[in-house]
Amino acid sequence: MATLPSGERAKPLPEWNGGLSGRKSARKAAVEPMIPPVDTPKKTRKSRASQKDATPVDEPSEVKRPKTELALEIFRNLERFPHCLLLTRVGQFYESYFDQAVEISRLLNIKLTSKSWGGQRVHMCGFPLQHLEKYLKVLIRGHQKSVALCEEFRVPNPLSQFERRVTRVLTPGTLIDENFINPYENNYLLSIGCPLSNQLEENTPIGLAWMDVSTGDFFSQTATLGTLHDEIARIMPKEIVLDEQLKTHKDHAVFRVLAEKPSVFLSYVANSGDDAVSITQEEIPYSDDISLPAPILPRYASDEATAISLLTSFLQKNLLEHMPRLSKPLQQGSDARMQIDAHSLDSLEIMETMREGGTTGTLLSVINRTNTHSGSRLLARWLCSPSTSVSEIATRQNVVSFFEARPHLRVDLIALLRRIEDTARIVQKFLAGRGAPDDLRNLATAIKLWEELRERLTLERKMEMQEQNVLIGWETVDALVSRMASLRELSQRILTAVLINEDETEIGEATPEDPVDPLVAESTPKTTPFAMYKWTIKPEYNPLLEKLHKKLDALVKEKENLELDLQARYFANSLSLRASPQLGFHIHVKKRQASKLMANSDEFSPLSESGSTKTFFNQRWFDLGTGIIKTAESITEQERAAFSELREAVTKETQNIRKNARIIDELDVTLGFAELAVERNFVRPVVTEGLEFHIKNGRHPSVEIGLLNARRMFIPNTLSLDPDARLQVITGPNMAGKSTLLRQTAVIAILAQTGSFVPADSAQIGIVDKVFSRVGANDDLFRDRSTFLVEMLESAEILNRATSRSLVIMDEVGRGTSISTALAIAFATIHHLYTNNRCRGLFATHFHEIVDMLGYNEETCRAEGHFENIAFYCTDVDERPDGSFTYSHRLRPGVNRDSHGLKVARLGGMPNSVLEVASKALEHLHGSTKTQWLARAAELRSLGERLVRE
Ligand code: ADP
Ligand code: MG
């Protein structure tokens, strides 16, 4: 018996492919797609093979398609997913062929090669499995592409070893657990449901639905065409989905809005027309606000339902086999939230800075003290849509106060929070049919930490009771924590099932040296087939598994005995029993010890030889090895089943896990607010239903920290926008702090309604429903609109939308036009805000003439007549006898008619002759004597009065 029929020898090998290797690199890439194969393979809907030949290389018409299974598969997938780049797994590589290979190799900067296929040369490129995430990041994040991922599965059918199918299409908005998702922000996919007709008005209702597939955060809302831009700015989606029918309506009003955010990835999906409510499977809506009663029966408006159905259709089309079970979206009413429109989000630098869209110095970055990823996502959501409910705000503040008063407790809870994994993401992975044993372990640990956190609070309670005999400020925290579900049973179940393997807990980045296929590593001494199995489930999990492990142990023992026995019988201590893809089960021995084996040809058939070693086939080892593999495979199968059971157990608890996670997020954010308050000296604002607005010694949190870093002091300012002074005109020289004051006022209102404490000595704020912040445009020139037009558009928005509860901030609006036009428009704008909108607001301007038009009285520093509820404040410079000056940054009542512009000009190095001419011109323009300018002021004042009367 010289050689062995190759089929027999090769038989076990395919089985090892992708086996549960312990190698970190291979594990992440290879195991995940390989977990499902034991399920009966799902049949992909085979699309009708097209009659036309597709276009492989240079001269498309002459090229015929290769007829191999793989080529046909690829063509089918290219046709099925025409908008995607297709990556096909072939063994240990992801590959691309034909025309797309050219594009992919260019985008990824990898080598383009060609191969002879079906009698012609076709383009191809590819990369090893473990580089998948890296390259997906380049394609999806870097180049904004959609990628269809065709995986390879083992099938029990011995005739075809593999089945391939596209398991998922990845787009920027449908990422599940890719490691390039930014864990600190939500990765939203937003769908817009709107009428297809082009007759849309500003107030036409539009439905929105948005979901973060990686966390399960799912919301819906109705908006209007007019507010769509603001909603998009707030939600910050990574991808927007529209009805496919809109593709042919490029003049549709929605596209005008979307043109403002050209960086967002746009996708289309056919509206299945399914009733959105019936698509969703879980009855209870996803809950974002734990402190409010859960909305049990959401009723979705028709456009909202359309949006939900578009979103779910799109997810189904792209997530395919990884479609998670969905909860109903949480409906967001716009009344319950403070609306911060897109321009205000920008100009107040809440999420991004104005300069280059960076994040350092943003309000979010300056106030963020959270210790978990999901906590920082919640903070971002709260900050973009603060509450308008006094009781909700008070609830949050109560928790902040509670933590503020307990520094030691804070320290302990922070230490716990830092160790908690992102459970929302873990659950979501499981709902999408993904996840690994690591995730189970992390979830169990998180549940344990939640318990510890609760226990720590209980301990605190006990100690306080002992020390003070009363409990102060516990109500809200108690109420919050009492809503946490006990999940001890689940964590127990996981911990008794899952093996804790210390060296496996962190998943290292794959390094290029890591061999791709664990079996190719023949150089590893004593490669045995079972060495690559790493068990993840404890044998005691069930009797069958225990039996299989016993069997495996016995077989391994038997193998060791056989090895010892052979070594002894043939006096060959170099003899070992091995397995490799090339040789199957074989006996490996040094050449010089091989002669006795050669002589026993009934037991050993030679297989191969190299420099100093020989290998033989041995039937006993073959049978034993096959037995080992079979048993190990059975264990693997049982482990998969166990994993599925555990995954099922986890997904059953989805609601409870999410609820607990959400409570922990809330504790994380409020604890962070407490840290911030202590660290930065913030106080608890009094938030009321009234219209008052008092800030004593307020500061701008970002400017303050910037100055502190430069060892400079921030000068606090006091401001009262009472009903009798609800609009204020702020004048003053350049650089004296007008803009800072305006922004800090809006920022303090936003912080207060987010539930945070505020940078001031005290604050009393009547709920603000909308914040509008406009800064004289000087940065909008890159768009195809003049500065002035932009300003007018933005001002119009405010005049149309501000209510008596709104806070309006207008900073030097009217820059891009002549002085008289700017004055005229400024006057009319203030008139409208004062008379019609009746909102609270600050109006910073250089044009002090406006104050005369408003009836300013130099003595009382107040307006007389129609505008009696307008107050006037100004910033100033401190002049020194030597002619130099400093900015005081302190607000005082009154008007500053001196722009000090010439001083700044001198500071800027303008030639003296120029300054002389300029100051003469100024004298002429403003009037050189007091009588002259008083006369001019009186003239303006009567003009204002006349305009109001008309
Ligand atoms: P304006 O709008 O009047 O031209 P800004 O508000 O832009 O002035 O302020 C200019 C600079 O002055 C800011 O960048 C900041 O460094 C500093 N500044 C502003 N307000 C204060 C303050 N209250 N205390 C200290 N420095 C301030
Ligand atoms: Mg300014």
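First listed ligand is number 1; within each ligand, the first listed atom is number 1.
Below 3.5 Å of separation, one finds no N or O of Phe714 facing any N or O of ligand 1. At under 3.5 Å, not a single nitrogen or oxygen of Leu741, backbone or side chain, sits near a nitrogen or oxygen of ligand 1. Of the N or O atoms in Ser739, one or more lie within a sub-3.5 Å distance of an N or O in ligand 1.
In terms of the salt bridge (charged side-chain N to carboxylate O under 4.0 Å, His left out) criterion, residue partners of Arg699 (sequence neighbours excluded) are, by chain and number, Glu704.
Not close to ligand 1: Gly732, with no non-hydrogen atom less than 4.0 angstrom away.
If you number the atoms of ligand 1 from 1 as listed, the ones under 4.0 Å from a heavy atom of Pro733 come out as 3 (O). The ligand atoms of ligand 1 that sit less than 4.0 angstrom from a heavy atom of Asn734 are 4 (O). Atoms of ligand 1 found under 4.0 Å from any heavy atom of Gly737, numbered from 1 in the order shown, are 1 (P), 3 (O), 5 (P), 6 (O), 8 (O), 9 (O), 19 (C), 20 (N). Using a 4.0 Å cut-off to heavy atoms of Met713, the atoms of ligand 1 that qualify are 25 (C).
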In a table with atom names and distances, give each donor-acceptor pair under 3.5 Å that connects a side chain of residues 913-922 to protein atoms at least two apart or in another chain.
from, atom 1, to, atom 2, distance (Å)
Ser919, OG, Glu916, O, 3.4

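Remark: minimum distance from atom 6 (O) of ligand 1 to any protein heavy atom is reached at Thr740 OG1, 2.6 Å. Nearest to atom 3 (O) of ligand 1 among the protein's heavy atoms is Lys738 N, 2.8 Å. Among all non-hydrogen protein atoms, the one lying nearest atom 4 (O) of ligand 1 is Met735 N, 2.6 Å. Residue, atom and distance of the protein heavy atom nearest to atom 18 (N) of ligand 1 are His889 CE1, 3.2 Å.
Side-chain contact between Ile809 and Phe772 is absent, with no heavy atoms from C-beta onward closer than 4.5 Å.
Checked by atom type, the side-chain pair Glu392/Ser387 shows a donor-acceptor distance below 3.5 Å. In this structure, a donor-acceptor pair under 3.5 Å is present between the side chains of Asp876 and Asn896.
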Inset, instruction - Just do the side-chain hydrogen bond (donor to acceptor under 3.5 Å, both in side chains) check on Thr835 and His866 with the steps written out, would you? - result: CA-CA 9 Å; Thr835 318; His866 181 77; 3.3 Å; yes

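Judged by distance alone, the side chain of Arg396 and the main-chain N or O of Ser756 form no donor-acceptor pair under 3.5 Å. Although no hydrogens or angles enter the test, the distance criterion places a donor-acceptor pair under 3.5 Å between the side chain of Thr395 and the main chain of Ser391.
In this structure, of Leu707, Ile715, Val703, the residue bringing a heavy atom nearest to atom 23 (N) of ligand 1 is Ile715.
Shown here, atom 14 (O) of ligand 1 is out of close reach of the protein: none of its heavy atoms lies under 4.0 Å off.
Note on Thr740: not counted as a metal contact of the Mg ion (ligand 2), no N/O/S atom lying under 2.8 Å.
No option in Asn717, Thr875, Asp878 other than Asn717 meets the side-chain contact (heavy atoms from CB on, under 4.5 Å) test with Arg890. Just one of Ser806, Cys839, Ser795 meets the side-chain contact (heavy atoms from CB on, under 4.5 Å) condition when paired with Leu833; it is Cys839.
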